[in-house]
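The sequence lines fix the lettering, A, B, ..., with proteins before strands; numbering per chain opens at 1. This structure is a prediction, so every number in the text was calculated from the model and none was measured.
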Amino acid sequence: MKTVITVIGKDRPGIIYQVSKVLFEEGLNIEDISQTVMQDYFTMIMIASGSDSINIRDLNERLDALEGDTLSIRLQKTDIFDSMHNI
Amino acid sequence: MINYTDILETVNMVQNEKLDIRTITAGISLFDCFSRPDVPQAVYDKICSLTANLVKTGEDIEAEYGIPIINKRISVTPVALSARESREDFINIALAMDRAAKEVGVNFIGGYSALVQKGLSATDYTFIESVPEALRSTERVCSSINVGSTKSGINFDAVGLMGHLVKQTAYLTRENDSIGCAKFVVFANAVEDNPFMAGAFFGPGEGETAVSIGVSGPGTILAALERCRGSRIDEVCEVIKRTAFKITRAGQLVGREASHRLNMPFGILDLSLAPTPAVGDSVAMILEEMGLERCGTHGSTAALAMLTDAVKKGGLMASSHVGGLSGAFIPVSEDAGMIRAVSEGAICFDKLEAMTSVCSVGLDMIAIPGDTPESTISAIIADEASIGVINNKTTAVRLIPVYGKGVGEYAEFGGLLGGAPIMEVSSFSSENFIARGGRIPAPVHSFKN
C-alpha cells in the first residue's frame, strides 16, 4: 500500500519528527519527501509505503492528534491522485 | 510518478473547494420479496442483509482516499410493482423500508415509486392514494412517479392526480413546513439508475443489485472559474471540462472500490453538479462567476446550457459507465446562490422553467403558496413534463406548497434540503385544462425545428 501524506500549515519545530515518528511506529517506510516553507507556511509532501493490513483510519487518527489549530495533516492512498491526474 | 502540484491540487479541492462524492447508492431488486407471504418483512430483511456494510464501507473509503462521501443511500424496485391490494399494504412496505433505512444507517431510501407514463392500473391508483400517508408516516422514504415519456406521451390522468397528491402530502406534513413534498418527485422520462434523491429508484430493467455513485463539486468548478476571469467563453468550457474530468475520476475510483467491497456490480456514475446550502457549493454562483450579476437574469439559460454540456463532455471519458441524470441541478432551497436570487427578485418561476429545459432535471425544491390550487400544480407538472417529452430529456417537479404560508414568507426544511422563500405562481386557473384527463400522444420525432 502506497500513501501520500500532506502537511500544510504554520511552521513550528518538530513537525517532520512527529509525523515520521508516527509513520515509523505504524510500520510505514518513507520513500520520498519534499518540503518548503513559504513565509510562515509549511508544506510537506511525503510518499510512504507499508503493508496492506495497516488500518488507515487509526493512522489518520494518530496524525490528526498532531494537527492542533494551525496545521492540517492528511494521509491518503496514492490511487486517488493517480485516478484524478493520470489517464 | 505523481506530480506534487497535482497532489496539492487535489488536497486543495477537498479542503477549500468542497469536492466530495455526494452519494454512494446501493440499488436492490425487491422482485423476489413481492411474492413472499409477508412482503414488508421480506423487504426489510433483504435490504438489511445486503446493505448492512454500506455505511461502514463508505466511511472506510472516505478515510483511505481522503475524499468526503456525504451520503450513503439505498434505491429499490418501484414499490407499485408489488401490486398490493390495499393502501395499507403499500404503506406497510414504506414503513418496512423506513425501518430498514434506520437500521443500516442511511439517510434516505428511494423507490416508493410508480411508472405510469402510459396508463394507470388498478393497483397504481391504490398506490398513488397511499403516497401522502406513506410520506407522513415515514422519515427517510422518498417517492417518485413517472407520468410521461418521449415514447409514450404524457399520462394526463396521472398528471391530474398529482396535484391532489402533492397538496394532500403538504397538508399531512403541515407541522414541518410541508416537508413531505420535499421527498416526492414527479418525473417525465425517469431514468432507472439515478442515484440522487428524492428521485432514486432501482428500475425494473436493473439486475439483482448495483452500486451507483453521484459525484458533485460545484465549489471546485467555481474555484476553477475564478482563476480564469476575463477569458473567452471557449476557455471557460475547457476549464469546466477539465475540472469535471478530475471530479469524475475520483467518483469512478470510489465506485470501483465500493462495488468490490460490497460485492455488488458497479452500476453507473452520475456526473451531476449537486449544490448544497453551504456557501461556495452553489450552481447559481457558477453562473454568476461567468458574468451574470445574479442567477436568473438574461443569459442564465445560455450559461446553464453551456455548463451542463461541458460537465457531460468532461465526465464522459472519465468513467466506464455514465448514467443517471448527469448535468447540473438547480434546486432552489438547496443552493445558497439560488436562494439569494429568489430573495432579491432576480429569478422568477417562469425563468426557472426555462432553465430546466437545459439543466439535468427540472423544477426542484421550489416553495410555492400553500393555497395554490391542485389544478395549478398539475398544470405546472404538465408544462415541465412536456419540456422533457418533447426534448427527449428527463424532467422532474418537486414543489412544496407550504401549508399556511404565502408569497414573501420563508419555508425552512433543514439539513441538505435547506430553506426557500415562497415563490409566486400564476393566479389564473388551469382547472378546465387539467380536468380533461386522457393522454397526450407521443411527440413526432422528425420535423424538428
Side-chain angles (χ1 to χ4, degrees), chain A residues 1-10 19 22-23 26 28 30-38 41-65 67-87, chain B residues 1-17 19-21 55-69 213 215 217 220 224 241-258 260-261 266 269 271 314-320:
Chain A
M1 177 187 68
K2 207 171 227 190
T3 63
V4 172
I5 300 103
T6 45
V7 184
I8 301 169
K10 203 162 167 50
V19 173
V22 171
L23 297 180
E26 295 287 341
L28 275 97
I30 298 172
E31 294 182 358
D32 197 2
I33 180 166
S34 147
Q35 59 130 347
T36 55
V37 179
M38 285 187 290
Y41 280 88
F42 176 80
T43 303
M44 177 171 75
I45 299 172
M46 281 177 167
I47 312 282
S49 59
S51 145
D52 283 346
S53 61
I54 291 171
N55 185 325
I56 292 193
R57 289 177 84 166
D58 293 347
L59 188 50
N60 260 319
E61 273 176 27
R62 288 198 64 185
L63 292 170
D64 285 349
E67 283 190 334
D69 294 337
T70 55
L71 209 59
S72 143
I73 308 178
R74 306 175 69 85
L75 180 142
Q76 297 162 267
K77 283 189 174 176
T78 49
D79 313 25
I80 187 75
F81 304 101
D82 280 330
S83 291
M84 287 177 72
H85 300 284
N86 296 325
I87 297 177
Chain B
M1 186 59 202
I2 314 163
N3 180 319
Y4 285 162
T5 313
D6 293 342
I7 290 175
L8 291 177
E9 184 186 355
T10 297
V11 170
N12 188 44
M13 280 180 175
V14 172
Q15 282 189 337
N16 303 323
E17 299 169 4
L19 168 64
D20 58 52
I21 303 300
V55 172
K56 183 182 177 301
T57 302
E59 287 169 356
D60 284 347
I61 294 173
E62 174 171 348
E64 289 173 28
Y65 295 100
I67 297 277
I69 299 169
I213 303 292
V215 298
T220 314
K241 275 163 61 181
R242 279 200 297 271
T243 313
F245 178 84
K246 289 174 187 171
I247 297 171
T248 310
R249 291 281 285 186
Q252 171 76 14
L253 173 69
V254 168
R256 210 172 54 218
E257 275 299 313
H260 172 69
R261 293 179 194 198
F266 179 51
L269 195 138
L271 334 158
L316 274 168
M317 195 183 131
S319 172
S320 45

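- Only the side chain of A:Asn60 comes within contact range of chain B, judged by heavy atoms closer than 4.5 Å.
- In summary, B:Lys56 and B:Asp60 engage in a salt bridge, as defined by a charged side-chain N under 4.0 Å from a carboxylate O.
- A:Thr43 touches chain B through its side chain: at least one heavy atom from C-beta onward sits under 4.5 Å away, while N, CA, C and O do not.
- Residue contact with chain A, scored on non-hydrogen atoms closer than 4.5 Å, is absent for B:Gln252.
- The contact between A:Leu75 and chain B is made entirely by backbone atoms, counting heavy-atom distances below 4.5 Å.
- A 4.5 Å side-chain heavy-atom check between A:Leu59 and A:Thr3 finds every atom pair outside the cut-off.
- With respect to A:His85, the side-chain hydrogen bond (donor to acceptor under 3.5 Å, both in side chains) criterion is satisfied by exactly one of B:Thr5, B:Thr10, B:Asn3: B:Thr10.
- Of the atoms belonging to A:Ser83, heavy atoms from both backbone and side chain fall under 4.5 Å from chain B.
- Residue B:Glu62 does not touch chain A at all, counting heavy-atom pairs closer than 4.5 Å.
- Between B:Thr220 and B:Lys246, every side-chain heavy-atom pair lies at or beyond the 4.5 Å cut-off.
- Only the side chain of A:Ile56 comes within less than 4.5 Å of a heavy atom of chain B; its backbone N, CA, C and O stay farther away.
- Using a 4.5 Å cut-off between heavy atoms, B:Leu19 touches chain A through its side chain atoms alone.
- Taking the charged nitrogens against the carboxylate oxygens, B:Arg261 and B:Glu64 do have a contact shorter than 4.0 Å, which makes a salt bridge.
- With contacts defined as side-chain heavy-atom distances shorter than 4.5 Å, the pair B:Asp6/A:Phe81 does not qualify.
- Contact annotation: the side chain of B:Ser320 approaches that of B:Phe266 to within less than 4.5 Å [non-hydrogen atoms, C-beta and beyond].
- With a threshold of 4.5 angstrom between heavy atoms, B:Val254 does not approach chain A through any atom at all.
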